[in-house]
Amino acid sequence: GGGGGGFDAGPGEAPSPAVAAAASLSPLLALGPSAWRSAPSMTELRSALAAAVVAGRLYVCGGLGSGKRALCSVERLDVQAGLWDPLPPMAVPRSGAAAVPAAGRLCIFGGYGGSHLASAEQLDLTAGRWLPLAGMAERRLFAAACAVPW
């Protein structure tokens, strides 16, 4: 496809959720086959963030804010409404973390928050609060994560 910095889907193809999420951070949002439109800017500038899609909504967690400080803030994009909603902050500021949806929750692992992190936490989307998860055996920075059903 043309433009879009290589994020375009081919003719008749829908972009993958990962491509749509990455494009949202550009700040472009894929709506369908080769159809793009601008999305609203996040409420807080951030880089090196973690992102995941849960129930059709894009969640962005942490990252580096102004002054290159790790953030604990979290935002959710409601694609239909075109609005970012602030959510409860994570317990630990994180940049370069990995995020994944699992069992209707948003899980985040590792990253950097003054040192490399092995800790993990999950956002209970129903209760709207962060809960601790068991830490990883090793510290991870800029790792990838996926949910695997057991």
Side-chain angles (χ1 to χ4, degrees), residues 1 3-9 14-31 35-148:
F7 288 115
D8 297 83
S16 72
V19 168
S24 295
L25 304 175
S26 301
L28 295 175
L29 177 65
L31 296 177
W36 298 85
R37 72 175 169 100
S38 294
S41 296
M42 290 177 275
T43 59
E44 187 168 12
L45 294 175
R46 60 183 79 225
S47 63
L49 54 92
V53 175
V54 183
R57 293 183 177 172
L58 175 65
Y59 292 78
V60 296
C61 304
L64 291 174
S66 61
K68 301 292 184 200
R69 63 177 171 71
L71 302 171
C72 58
S73 59
V74 179
E75 300 180 52
R76 175 182 60 206
L77 177 63
D78 182 331
V79 176
Q80 298 301 319
L83 298 173
W84 286 98
D85 297 316
L87 296 175
M90 298 178 291
V92 176
R94 299 171 188 272
S95 65
V100 65
R105 295 179 179 210
L106 174 63
C107 302
I108 189 158
F109 310 91
Y112 184 84
S115 65
H116 291 85
L117 300 170
S119 63
E121 50 191 305
Q122 63 183 333
L123 176 60
D124 180 329
L125 299 173
T126 304
R129 63 186 173 114
W130 287 92
L131 304 168
L133 286 171
M136 299 180 291
E138 299 287 331
R139 298 174 190 186
R140 303 279 184 216
L141 178 63
F142 294 111
C146 66
V148 178

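- Residues satisfying the side-chain hydrogen bond (donor to acceptor under 3.5 Å, both in side chains) test with T43, not counting sequence neighbours, are E75.
- Legend: side chain to side chain donor-acceptor pair (under 3.5 Å) pairs involving residues 135-144, not counting sequence neighbours: none detected.
- The structure places CZ of R76 at 8.5 Å from CG of L123, a figure rounded to the nearest 0.5 Å.
- Contacts classified as salt bridge (Lys or Arg N to Asp or Glu O under 4.0 Å) and involving residues 58-71 (residues at least two apart or in different chains) are given here: E44-R69.
- Around atom CG of L45, no more than 12 heavy atoms belonging to other residues, nucleotides or ligands sit under 6.0 Å away.
- Across every non-hydrogen atom of A98 and A144, the tightest pair is CB-C, 4.2 Å.
- Summarising the geometry of F109 relative to A120, their closest heavy-atom pair is CD2-CB, 3.6 Å, with the distance given to 0.1 Å.
- Among residue pairs with one or both ends in residues 87-113, those qualifying as side chain to side chain donor-acceptor pair (under 3.5 Å) are R94-S119, R94-E121, R105-D124; sequence neighbours excluded.
- Residue A102 comes nearest to A147 through the heavy atom pair CB-CB, 4.3 Å, listed as atom of the first residue, atom of the second, then distance.
- Residues L87 and W130 are not in side-chain contact: their nearest non-hydrogen atoms beyond the backbone lie 4.5 Å or more apart.
- The side-chain hydrogen bond (donor to acceptor under 3.5 Å, both in side chains) test applied to D78 returns R57, not counting sequence neighbours.
- Side chains of L71 and P89 form no contact here, defined as non-hydrogen atoms less than 4.5 Å apart.
- Pairing each heavy atom of A99 with each of L106, the nearest pair is CB-CD1, 4.3 Å.
- Shown here for L141 and G111, the closest heavy-atom pair between the two residues is CD1-C, 3.7 Å.
- Closest non-hydrogen pair, P93 versus A70, comes out as CB-O, 3.6 Å.
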Show me the side-chain donor-acceptor pairs of residues 59-67 shorter than 3.5 Å, one per line, residues at least two apart or across chains.
none

